[in-house]
Amino acid sequence: MTDTTAPNLSSDADEAPVLTHSWADRRALRNGMFTIGAWLVALIAAVPLVSVLYMLIVQGGSRLSTDLFTELPPAGFEMGGGFGNAIVGTVLMVVIATVIAVPIGVMAAAYLAELGPDSQLGRVSRFLAKVLTGFPSILAGVFVYAVLVLAMGTYSAIAGGVALSILMLPTVVLTRTQMIWKVVFPTALPGILTGVMLGVARVAGESAPLLFTALFSNYWISNLREPTASLSILIYNFSSMPFDNQIELAWAASLVLVLIVLVFNILSRLFGRAKY
Amino acid sequence: MSNSSFAIAASPDAVTHPPAPFEYFVDRFFRALAWAAAGLIIVLVAYILWKIGRQAMPAIQKYHFNFLISSQYNVQELKFGILPGIWGTLYSSLLALLIGGFFGLTVAIFLTQNFLPPRLAFVFRLIIDMLAAIPSVVFGLWGIFVVIPVIRPAANWLNEYFGFIPFFSTSLSGPGLLPAAIVLAIMVLPTVAAISQDALNSVPYRTKEAAYGMGATHWEVILKVMIPTAAGGIFSAMVLGFGRALGETMALAMLIGNANQVSLSLFAPAETLAALLASHFPEAGPAEVEVLMYAALVLLAITLVVNVAGIGLLTITQRQISGKA
């Protein structure tokens with residue numbers, strides 16, 4: 001594998017000139033060293049993921065129980081507890097984001113793919129959708145704060161969901177969607193679902209846009225117009241607490257959150273493969 | 001043409017039939033809807049710019065450009081400056097790009113240039129994609145409990161013996177620039193790797209074969225043919241990776257220490273614009289919210305310039321390559 005330039009002519013080696021490099025040849029040596037270097041770099045690049053998954057399984061897994069899904073977050077020195085309300089909050093806000101972003105995203109994708117791919121409008125809006133993918137998520141929070149939180153006078157699940165929908169929109173728009181109306185709509189469906197799943201995976205783990213739109217709550221949600229808990233903000237809040245119980249819960253919440261994100265990621269791959 | 005002439009030709013229960021008025025209406029309706037949705041993206045971006053700009057206006061009038069070059073951030077005295085935030089944002093992102101860009105590009109080469117059998121390469125690509133899927137807060141948590149303890153002894157050793165070098169002039173007591181930049185590098189890596197892979201894959205196969213045919217070694221082909229040919233795409237990968245690093249929030253808010261100071265030291269706590277927003281916004285009073293809106297506008301302007309440059313470059317190089325091939 002390392003020496004692709006050396007044709008192997010062993011079958012009639014007596015006649016043929018020697019075309020292989022000696023491994024000690026300067027060029028071959030350099031080639032070998034670079035290859036070893038690349039392997040090292042690639043292996044090092046895999047270390048963080050392995051380490052993160054290890055910590056999640058060891059630290060988060062040890063705390064895994066049904067209490068996590070049914071109890072409320074503990075205060076101060078309290079032991080036990082869970083983050084049932086945060087799971088509900090995360091799911092609820094992702095659903096709100098999906099309901100807003102998917103119809104708009106699919107329609108815009110249809111325009112970009114079929115109706116006016118090369119029109120002025122198509123070009124500008126495709127460019128801006130790409131720009132939006134690199135849009136810092138916290139600015140979505142700032143924007144929704146200015147538009148919704150100030151107007152409603154309270155942090156709310158609605159504001160959190162809207163902030164997430166802004167981040168979801170470009171993913172849905174830009175994932176390759178083939179839309180030729182109802183004639184081949186069924187063939188386009190996997191493409192659309194891929195985009196939706198990727199969008200959900202992207203926003204489910206977001207926390208920056210929720211910081212000052214949904215805020216956090218230690219209680220079960222009773223309506224959409226009040227501050228709402230989410231897994232990601234719970235991790236953020238608990239990570240800086242001096243109590244072991246909260247730190248353990250932050251790890252357990254991270255495990256649950258990563259599982260949710262990965263499930264949607266895998267789903268998007270499955271839908272994506274079904275299509276091609 | 002009138003529908004009635006078709007209607008005579010087609011029997012009512014035939015598979016093919018001319019569009020009924022209702023179907024014309026549905027078609028128009030959907031076309032209009034799609035047009036509106038595409039337009040909505042443009043309106044949204046414009047509205048975001050206008051809204052944040054307008055909210056920042058009072059602070060801009062109060063603090064002018066002095067805001068960008070002052071290091072004071074004092075809510076009681078109403079003196080505000082975000083120089084440390086701007087400095088920290090650029091410094092941490094550059095460091096992250098240096099580390100993450102090197103690793104990302106190497107991984108891209110590793111995955112596209114026949115180092116691994118296709119099935120293993122697929123698995124490795126999956127690992128890198130998973131890295132991109134891990135939420136920012138989880139990286140932050142991991143950074144606090146893994147990265148900081150791991151690098152602290154080495155950092156403090158460097159500070160003790162090489163403290164005269166400005167980069168090592170303080171000790172690492174906990175959160176600081178280096179742990180933040182390392183985690184940021186990990187988050188930049190998948191972006192750089194993905195776009196660089198596309199760039200390397202789009203180099204025509206014949207170019208590569210010609211180089212091998214001339215007797216070049218594996219790495220001579222990579223360094224002297226593949227990378228120069230894909231340079232445009234790789235460069236835009238770096239720019240977009242930089243853009244991603246600039247706006248990254250949660251991991252930085254958890255790891256950088258939120259200290260309002262400008263320092264060259266890698267181990268000193270620092271501040272970034274996004275982390276400033278994350279840590280101050282939830283508890284800010286009206287006077288501070290104006291200021292934070294100004295900071296948000298600055299962050300928006302920086303990331304917008306970098307991203308537009310990156311996407312523009314990518315579009316141009318893609319067009320060039322497809323045009324040549």
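Naming convention: chains lettered A, B, ... in sequence-line order (proteins, then strands); numbering from 1 in each chain.
- Both the backbone and the side chain of Val308(B) come within less than 4.5 Å of a heavy atom in chain A.
- When heavy atoms are compared at a cutoff of 4.5 Å, Leu262(A) approaches chain B solely by way of its side chain, counted from C-beta outward.
- Only the side chain of Ile144(B) comes within contact range of chain A, with heavy atoms under 4.5 Å apart.
- Residue Arg244(B) comes nearest to Gly134(A) through the heavy atom pair NH2-CA, 4.1 Å, listed as atom of the first residue, atom of the second, then distance.
- Top candidate by heavy-atom pairs under 4.5 Å with chain B, chosen from Ile44(A), Leu215(A), Asn265(A), Val147(A), is Val147(A).
- A 4.5 Å side-chain heavy-atom check between Leu141(B) and Trp251(A) finds at least one atom pair inside the cut-off.
- The CZ atom of Phe212(A) sits 8.0 Å away from the CG atom of Leu292(B) when rounded to the nearest 0.5 Å.
- Only the side chain of Val289(B) comes within less than 4.5 Å of a heavy atom of chain A; its backbone N, CA, C and O stay farther away.
- Looking at Ile222(B), there are no atoms closer than 4.5 Å to chain A (heavy atoms on both sides), in backbone or side chain.
- A heavy-atom distance below 4.5 Å is not found between the side chains of Leu300(B) and Val142(A).
- Contact of Leu169(A) with chain B is made through the side chain alone, with heavy-atom distances under 4.5 Å.
- Atom CH2 of residue Trp35(B) and atom CG of residue Leu121(A) lie 6.5 Å apart, to the nearest 0.5 angstrom.
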> Between Phe34(A) and Leu223(B), is a side chain to side chain contact (heavy atoms under 4.5 Å, CB included) present by the stated rule, with each step listed?
Replying inline: CA-CA 10 Å; Phe34(A) 270 122; Leu223(B) 293 176; 3.8 Å; yes
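- With a threshold of 4.5 angstrom between heavy atoms, Ile247(A) approaches chain B through side-chain atoms but not through N, CA, C or O.
- Chain B forms more heavy-atom pairs under 4.5 Å with one residue of Ser51(A), Gly105(A), Gly37(A), Ala46(A) than with any other, namely Ser51(A).
- Only the side chain of Ile186(B) has a heavy atom closer than 4.5 Å to any heavy atom of chain A.
- Val52(A) touches chain B through backbone and side chain together, each having a heavy atom under 4.5 Å away.
- The two residues Met293(B) and Ala146(A) come nearest to each other via the heavy atoms CE-CB, 3.9 Å.
- Summarising the geometry, atom CZ belonging to Arg30(A) is positioned 7.0 Å from atom OG1 belonging to Thr217(B); distances are rounded to the nearest 0.5 Å.
- Note: Tyr47(B) and Phe143(A) have perpendicular aromatic rings, judged against thresholds of 30 and 60 degrees for the angle between ring planes.
- Neither the backbone nor the side chain of Leu240(B) comes within contact range of chain A; no heavy atom of the residue lies under 4.5 Å from a heavy atom of that chain.
- The shortest non-hydrogen separation linking Ala42(A) to Phe124(B) is O-CZ, 3.2 Å.
- Atom CD1 of Ile127(B) and atom CG of Leu49(A) lie 6.5 Å apart (nearest 0.5 Å).
- Proximity to chain A (any heavy atom under 4.5 Å) is shown, for Ile109(B), by neither the backbone nor the side chain.
- Contact annotation for Leu53(A): only side-chain heavy atoms (C-beta onward) come within less than 4.5 Å of a heavy atom of chain B.
- Here the closest heavy-atom approach between residue Met250(B) and residue Ser207(A) is recorded as CG-OG, 3.0 Å.
- Interface remark: Phe110(B) contributes side-chain atoms only to the contact with chain A (heavy atom separation under 4.5 Å).
- To the nearest 0.5 Å, atom NZ of residue Lys51(B) and atom OH of residue Tyr145(A) are 12.0 Å apart.
- Heavy atoms of Phe139(B) lying under 4.5 Å from chain A belong exclusively to its side chain.
- A donor-acceptor pair under 3.5 Å is formed between the side chain of Asn31(A) and the backbone N or O of Trp219(B).
- The most heavy-atom pairs under 4.5 Å with chain B, out of Ser240(A), Gly122(A), Ala253(A), Gly205(A), come from Gly205(A).
- In this structure, the portion of Leu189(B) lying under 4.5 Å from any heavy atom of chain A is its side chain and not its backbone.
- To the nearest 0.5 Å, atom CG of residue Leu128(A) and atom CD1 of residue Ile48(B) are 10.0 Å apart.
- In this structure, chain A has a heavy atom under 4.5 Å from the side chain of Ile134(B), while its backbone stays farther away.
- Contacts of Leu40(B) with chain A are made by side-chain atoms alone, with heavy-atom separations under 4.5 Å and no backbone atom involved.
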